[in-house]
Every structure is written in structure tokens, then in C-alpha cells.
Amino acid sequence: MLATKVYSARIGSPSVAVSSMIQPTGRKAVKGFIFDMDGTLTVPVIDFAEMRRRCGVMSGDVLDTIADWPAEKQLVANQAIREVEQEALQHMQLMPGLLDLCSFLEAQGLPRGLVTRNVDSSVKYFHDNHFSLSPFWPALSREFKPYKPNPGALLHICQQWGIPPEQAIMVGDSAKDDVVAGNRAGMDTILIDMLHNYTDRSALEGELKPSHIVTSLAEIPKLLQTYYCLERPAQVSAGDNPAP
């Protein structure tokens, strides 16, 4: 069973446990949530080391590196990436606590979007074969450019919902992609550290520093009730999560 201790790394203030309640008058209004997919909504199963080996990118950002290659070489590398992603679909599992968290957000009338560096077909597979609640909307893959850590997709979702980005929260398991994208968009961020990759908190500085760190999705409802005032936005119904 995953640990349930929540570490809050509020930007600009010392780290405190979630049990240190802030005053209700100081809670920030939040009207929407944007999630990463792999390693956040689903258990991490993509073999990134094998992906790097197959496409020949052993350091740096894989997608950015390939984007600078000649067109023919890009096609070969992108095919290798898609093969690894396709293989991972056979092992896809929902992250523990996901359905409970999404049901909690729907009960509050809050929309939930998805932004991933995976492809559209993987997002469709997730919705069609594993996720039993109303789909995430908007759900943007790397086909929507620019992809994370550029904040463009996050800002687009907020525009679709009719809310300012500072009233949304980005949730993901990657500091360099999810947290950076959320910080650049002006959002609070929740870093999922299920695998304890970020035990050295000193490495999370600047744009890498999340608003909060948790070790499971099950911890998020309590965190939200502690630090935020959850408000249903006027423009979109999270219970319906309307398709575009």
C-alpha cells in the first residue's frame, strides 16, 4: 500500500505537511484540473530506455532532438517511438485512486483535461478500454503543438473552459515536463512522486519546483480541501465533460 503522507512544497514558503491547515480565508479558488497521462492517470509502463535505444537518442529531450533531424531520419525515429508506445498499451493500468479522485472532482462540478506527450491513439485507447467515467476534455496529445513543457496546451484548455490559468492546477509525475509547463502557465502544480524519484527536494528549484508533492492520487482530495476553495466554473460542466 502506498504511503499517504502528503508533503506540501508551497512555492516561496517552507515545506509543511498537509495536516498544517491554512485558514479558509486564505484558500485559493480553483475551477479546473489538467492531468498528464502516463505515470499520472496510468501506471508507468513505457520503457523510455528502450525508446531511446531504438531511436538513437541517448541524452537530452527525445522529441526535441528528433525534431532537428532530417525528415527521413525523423520518420524512422518517430516510428520507433510509436512502436514502444504501442507495446506499452498492452500493459496499461489505471493508477490506483484515479476513479475516486475523478468522481470527487465531478461531484464538485470541476472539469478535468488531459495533456500528454503520448499520441492521440494512446489517449483513445485509455478512454475506450480503461477509463469508465466521462472522458477528459480537452484531451491533447503531442499532435497538439507545442507540447509540454511549453504551456500552450494548458493555456488552450483554460481558454476552452473559460477560466484564467491561475484558477487551474496541473497534475503530473514529471518535474521537467508537467511542473515546468504548469509553472509557465501560471498554475499551481501537484507532482506525483509514486516512485520516489524526487527524494532530493533541493533538485526541485525554479521552474521545476511544484506547489505540492504527493505519493499517490488518493492524497489529492485532502490536499485540495486543505489549501483550495473548489468552485464550479460557469462555462463548462465537469459532470458532462462535453466532447469538442
Side-chain angles (χ1 to χ4, degrees), residues 6-12 15 33-69 74 77-78 80-82 84-85 88 95 113-119 122-123 136 139-158 165-166 168-217 219-220 223:
V6 178
Y7 298 90
S8 178
R10 297 292 299 177
I11 294 175
S15 297
F33 293 81
I34 301 174
F35 293 84
D36 169 55
M37 187 173 76
D38 301 293
T40 300
L41 303 180
T42 62
V43 174
V45 293
I46 295 178
D47 189 340
F48 288 105
E50 176 63 11
M51 180 185 292
R52 286 182 176 276
R53 188 193 68 79
R54 290 191 196 179
C55 65
V57 180
M58 303 314 295
S59 63
D61 186 281
V62 173
L63 298 179
D64 288 347
T65 299
I66 290 172
D68 291 332
W69 290 356
Q74 283 190 43
N78 282 318
I81 291 173
R82 284 191 293 269
V84 174
E85 292 169 335
M95 187 68 80
L114 185 160
V115 176
T116 178
R117 284 163 57 106
N118 209 317
V119 291
S122 294
V123 175
F136 289 78
L140 305 178
S141 71
R142 66 170 176 266
E143 280 90 348
F144 184 100
K145 292 182 173 59
Y147 43 74
K148 297 178 298 185
N150 187 290
L154 283 64
L155 297 173
H156 173 80
I157 289 177
C158 289
E166 59 268 22
I169 292 179
M170 176 68 203
V171 183
D173 69 314
S174 169
K176 70 179 183 65
D177 293 325
D178 304 318
V179 172
V180 171
N183 285 336
R184 289 178 178 176
M187 301 175 180
D188 277 15
T189 54
I190 299 176
L191 179 62
I192 308 295
D193 191 21
M194 183 186 76
L195 300 178
H196 304 286
N197 292 323
Y198 300 99
T199 53
D200 180 9
R201 301 290 191 258
S202 65
L204 298 173
E205 295 297 333
E207 290 186 316
L208 294 169
K209 189 172 184 178
S211 305
H212 309 279
I213 302 174
V214 299
T215 59
S216 76
L217 295 179
E219 299 162 6
I220 293 180
L223 184 153

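If you take CG on Leu63 and CG on Asp68, they are separated by 11.5 Å, rounding to the nearest 0.5 Å. Atom CG of Asp188 sits about 5.5 Å away from atom CD1 of Ile169, to the nearest 0.5 Å. The structure places CD of Gln74 at 10.0 Å from CD1 of Ile81, a figure rounded to the nearest 0.5 Å. In this structure, Met37 CE and Leu114 CG are separated by 6.5 Å, a value rounded to the nearest 0.5 Å. Atom NZ in Lys145 sits 12.0 Å away from atom CG in Leu140 (nearest 0.5 Å). The CG atom of Leu195 sits 10.5 Å away from the OG1 atom of Thr215 when rounded to the nearest 0.5 Å.
In this structure, Thr42 has no side-chain hydrogen bond (donor to acceptor under 3.5 Å, both in side chains) partners at least two apart in sequence or on a different chain. Residues satisfying the salt bridge (charged side-chain N to carboxylate O under 4.0 Å, His left out) criterion with Arg54, sequence neighbours excluded, are Glu50, Glu83, Glu87. Partners of Pro149 according to the side-chain contact (heavy atoms from CB on, under 4.5 Å) rule, which considers only residues two or more places apart in sequence or in another chain, are Arg117, Asp177, Val180, Arg184. Asp38 meets the salt bridge (charged side-chain N to carboxylate O under 4.0 Å, His left out) test with no other residue; sequence neighbours excluded. Under the rule for a ring-ring contact (aromatic ring centres under 6.0 Å, His included), the partners of Phe144 that lie at least two apart in sequence or sit in another chain are His156.
The one candidate from Thr65, Asn78, Ile66 that meets the side chain to side chain contact (heavy atoms under 4.5 Å, CB included) condition with Cys55 is Ile66.
Using modelled atom types and a 3.5 Å distance limit, the side chains of Tyr147 and Asp64 yield a donor-acceptor pair.
Legend: ring pair (Phe, Tyr, Trp, His ring centres under 6.0 Å) pairs involving residues 37-67, not counting sequence neighbours: none detected.
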- Evaluate side-chain contact (heavy atoms from CB on, under 4.5 Å) for Asp178 paired with Asp173, printing each intermediate quantity in order. CA-CA 7 Å; Asp178 304 318; Asp173 69 314; 3.7 Å; yes
- Message: If you apply the rule side-chain contact (heavy atoms from CB on, under 4.5 Å), what do you find for Glu207 with Lys176, and how did you get there?
- Response: CA-CA 8 Å; Glu207 290 186 316; Lys176 70 179 183 65; over 6 Å; no
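A 4.5 Å side-chain heavy-atom check between Ile34 and Val171 finds every atom pair outside the cut-off.
Nearest heavy-atom pair across Met187 and Pro165 is CG-O, 3.1 Å.
Listed for the Asp193 side chain is a donor-acceptor partner under 3.5 Å among the backbone atoms of Tyr198.
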